[in-house]
*Asks:* 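Right, I'll just put the structure down here and ask away after.
For ligands, and for the atoms within them, numbers begin at 1 and follow the listed sequence. Nothing fancy with the numbering, it's 1 onward along the sequence.
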Amino acid sequence: MRVQVAIIGAGPSGLLLGQLLHLAGIDAVILENRSREYVLGRIRAGVLEQGAVDLLDRAGVGSRLHAEGLVHHGIELCFESVRHRIDLSELTGGKCVTVYGQTEVTKDLMDARAAAGAKTVYEADAVSVHDFDGDRPKVRYRADGGAHEIECDFIAGCDGFHGVCRKSVPAKAITTYERVYPFGWLGLLADTPPCGDELIYVNHERGFALCSMRSRSRSRYYLQCALDEQIAEWSDQRFWDELRRRLDPAAAEALVTGPSLEKSIAPLRSFVAEPMRFGRLLLAGDAAHIVPPTGAKGLNLAASDVHYLSTALIDHYATGGFAELDAYSAKCLRRIWQAERFSWWMTKLLHCFSDEGAFGRKIQVAELVHLINSRAASTAFAENYVGLPY
Ligand SMILES: Cc1cc2nc3c(=O)[nH]c(=O)nc-3n(C[C@H](O)[C@H](O)[C@H](O)COP(=O)(O)OP(=O)(O)OC[C@H]3O[C@@H](n4cnc5c(N)ncnc54)[C@H](O)[C@@H]3O)c2cc1C
């Protein structure tokens, strides 16, 4: 089999890239090692920057997002048990974010791909990438009991943090930067109305909490927890009781509890791999970088990478030139490091760090007081939260 672009991974990066290439008449296949149902069942991000929404519109998959997504013009920061609103739109000349689950984005992209008749191989085993330092890269995999090989012009490594593409690059060709945080997020999804109209980020002496949502009837809550915490030890009741303790009185009063649909613990990590292009292998999304979810940037960075990558590939097939592909890595990394910085800073500002002690907490509160009272500080926050331009 021969295609122009072989995409590894059917997460948001791979599916969105596949759709944009399809619309440009570029032939691509997607290889995914999990089943379609497994990919759709993963509960992950839910806040889209305007740039990601615009890109999904360009990909022709924005209609359900606009019908069902919740447009948010602000967020709330809670510390010392008092909530303070940051008016994102007022501070950024009208920009906003849209709450629409990653599972919904994934479903819309999968449906569009199926409607276009474009090929995705789910449950592809033992995917491996070869010869990307030459002109004729190859991808090999096993499926339906047989071994397969695809010859292509380019390989797009959209296979997430644990994928095969980044690991296939010779160690001397890649530099990685990493910070692992000494805590995780315990998340709970429930079919209950959210306790507020906007997201509430909570700095509390018992640990960070986040009140988020996926719709007007589906809530997503998070608690900072120890890394060795066992999910089995967290009954729904224990989760709701702990969340209520960390909220301000009005939010605690408004909290509607119910049985969890999903509960999981995610570690927090900052990670960047440089560069993102190795000959004819190009990394995008979590394959190249990870942010702690505090700033809601993971999915949005995947979208901006795909914007740059699709633009570069479309330019290459239109002109035969490599200028955009040569610039791909630097363009992505400039924006990625901005989002890495913001996500790290928000994580530092809002979580309990046991090694920082009482002094660290006083500094956090001082910074939060400045953030809500200084228009300059609020504006810097809002600009980053709604997303820096592509
Ligand atoms: C547990 C968790 C919770 C998260 N929560 C949030 C959040 O609350 N807010 C936020 O903004 N972001 C969150 N994120 C980050 C966000 O979900 C990611 O940034 C986003 O999914 C990136 O998309 P991607 O397509 O690059 O990678 P992925 O979504 O990871 O997709 C990669 C795909 O490649 C496939 N794959 C892997 N290895 C192979 C292989 N060898 N061969 C073929 N296919 C392969 C995987 O199965 C997967 O489908 C979370 C991430 C995780 C892991």
*Asks:* One thing to verify: whether Arg44 and Glu262 come together as a salt bridge, which I'm taking to mean a side-chain N less than 4.0 angstrom from a carboxylate O.
*Replies:*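 Looking at Glu262 and Arg44, the cut-off is not met.
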
*Asks:* Check if Phe161 has a non-hydrogen atom at a distance under 4.0 Å from any atom of ligand 1.
*Replies:* no

*Asks:* Under 4.0 Å from any heavy atom of Leu31, which atoms of ligand 1 are there?
*Replies:* 43 (C), 44 (N)

*Asks:* Any atoms of ligand 1 less than 4.0 Å from a non-hydrogen atom of Gly160? List them with their elements.
*Replies:* 27 (O), 30 (O), 32 (C)

*Asks:* Among side-chain atoms of Glu104 and Thr106, is any donor-acceptor pair under 3.5 angstrom?
*Replies:*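 No, no side-chain donor-acceptor pair sits under 3.5 Å.
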
*Asks:* Has Pro12 got any heavy atom lying under 4.0 angstrom from an atom of ligand 1?
*Replies:* yes

*Asks:* Would you please name every residue forming a side chain to side chain contact (heavy atoms under 4.5 Å, CB included) with Ala118, sequence neighbours left out?
*Replies:*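 Side chain to side chain contact (heavy atoms under 4.5 Å, CB included) check on Ala118 returns Arg113.
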
*Asks:* Provide the number and element of each atom of ligand 1 under 4.0 Å from a heavy atom of Cys158.
*Replies:*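 Matching atoms, with element in brackets: 32 (C), 33 (C), 34 (O).
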
*Asks:* Looking only at side-chain N and O atoms, does Ser329 offer a donor or acceptor that is under 3.5 Å from a partner on Arg277?
*Replies:* no

*Asks:* Would His351 and Tyr181 count as a close aromatic pair, with their ring centres under 6.0 Å?
*Replies:*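 For His351 and Tyr181, the ring centres are not under 6.0 Å apart.
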
*Asks:* If you have a sec, work out which protein heavy atom is nearest atom 48 (C) of ligand 1 and how many Å separate them, to one decimal?
*Replies:* Arg42 NH2, 3.3 Å

*Asks:* State whether the shortest distance between N or O atoms of Ala302 and N or O atoms of ligand 1 falls below 3.5 angstrom.
*Replies:*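 No, no N or O pair falls under 3.5 Å.
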
*Asks:* Using a 3.5 Å cut-off on N or O atoms only, is Val127 in polar contact with ligand 1?
*Replies:*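 There is no such contact.
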
*Asks:* Give the numbers and elements of all ligand 1 atoms closer than 4.0 Å to a heavy atom of Arg34.
*Replies:* 47 (O)

*Asks:* Working to the nearest 0.5 angstrom, can you tell me the gap between Arg341 CZ and Trp345 CH2?
*Replies:*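 Those atoms lie 7.0 Å apart.
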
*Asks:* Just need the protein heavy atom nearest to atom 17 (O) of ligand 1, so name the residue and atom and give the distance.
*Replies:* Gln102 OE1, 2.7 Å

*Asks:* Between Arg2 and Glu149 (salt bridge meaning N to carboxylate O under 4.0 Å), is one present in this structure?
*Replies:*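 The answer is no: the pair does not qualify as a salt bridge.
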
*Asks:* Show the atoms of ligand 1 that are less than 4.0 angstrom away from any heavy atom in Gly11.
*Replies:*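 Those of ligand 1 that fall under 4.0 Å from Gly11 are 25 (O), 31 (O), 33 (C), 49 (O).
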
*Asks:* Strictly by ring pair (Phe, Tyr, Trp, His ring centres under 6.0 Å), give each pair with a member in residues 251-304 just once, sequence neighbours left out.
*Replies:*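 Pairs touching residues 251-304 that pass the test: Phe161-Phe271.
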
*Asks:* For atom 26 (O) of ligand 1, what's the nearest protein heavy atom and its distance?
*Replies:*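 For atom 26 (O) of ligand 1, the nearest protein heavy atom is Ser13 OG, 2.6 Å.
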
*Asks:* Just checking Tyr221 against Trp185, ring centres under 6.0 Å apart?
*Replies:* no

*Asks:* Check ligand 1 against Ala296 and write out every atom of the ligand that is under 4.0 Å from a heavy-atom position of the residue.
*Replies:*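 Close to Ala296: 11 (O).
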
*Asks:* At under 4.0 Å between heavy atoms, which part of Leu299 makes contact with ligand 1: side chain, backbone, both or neither?
*Replies:* backbone

*Asks:* May I ask you to decide whether Asp241 forms a salt bridge with Arg244, counting only side-chain N to carboxylate O separations under 4.0 Å?
*Replies:* yes

*Asks:* Closest non-hydrogen protein atom to atom 22 (C) of ligand 1, residue and atom name please, with distance?
*Replies:* Asp286 OD1, 3.3 Å

*Asks:* Where's the contact between Trp185 and ligand 1, heavy-atom distance under 4.0 Å: side chain, backbone, both or neither?
*Replies:*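 None of Trp185 does.
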
*Asks:* Which of the numbered atoms in ligand 1 are below 4.0 angstrom from a heavy atom of Gly298?
*Replies:*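 The atoms of ligand 1 under 4.0 Å from a heavy atom of Gly298 are 11 (O), 19 (O).
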
*Asks:* Report yes or no: do Tyr328 and Asp305 form a side-chain donor-acceptor pair below 3.5 Å?
*Replies:* no

*Asks:* Using a 4.0 Å cut-off to any heavy atom of Gly285, which atoms of ligand 1 qualify?
*Replies:* 26 (O)

*Asks:* For atom 10 (C) of ligand 1, what's the nearest protein heavy-atom neighbour? Residue, atom name and distance, please.
*Replies:*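 Here the nearest protein heavy atom works out to Ala45 CB, 3.2 Å.
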
*Asks:* Should the pair Arg280-Asp131 be classified as a salt bridge under the 4.0 Å nitrogen-to-oxygen rule?
*Replies:* no

*Asks:* Is a side-chain donor-acceptor pair under 3.5 Å present for Gln364 with Asn203?
*Replies:*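 Gln364 and Asn203 do have a side-chain donor-acceptor pair below 3.5 Å.
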
*Asks:* Provide, to 0.1 Å, the distance between atom 3 (C) of ligand 1 and the closest protein heavy atom, together with that atom's residue and name.
*Replies:*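 Of every protein heavy atom, Arg44 CG, 3.9 Å lies nearest to atom 3 (C) of ligand 1.
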
*Asks:* Any idea which protein heavy atom is nearest atom 47 (O) of ligand 1, and the distance to it?
*Replies:* Glu32 OE2, 2.7 Å

*Asks:* Distance to 0.1 Å, residue and atom name: give those for the protein heavy atom nearest to atom 36 (N) of ligand 1.
*Replies:*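 Result: Asn33 OD1, 3.5 Å.
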
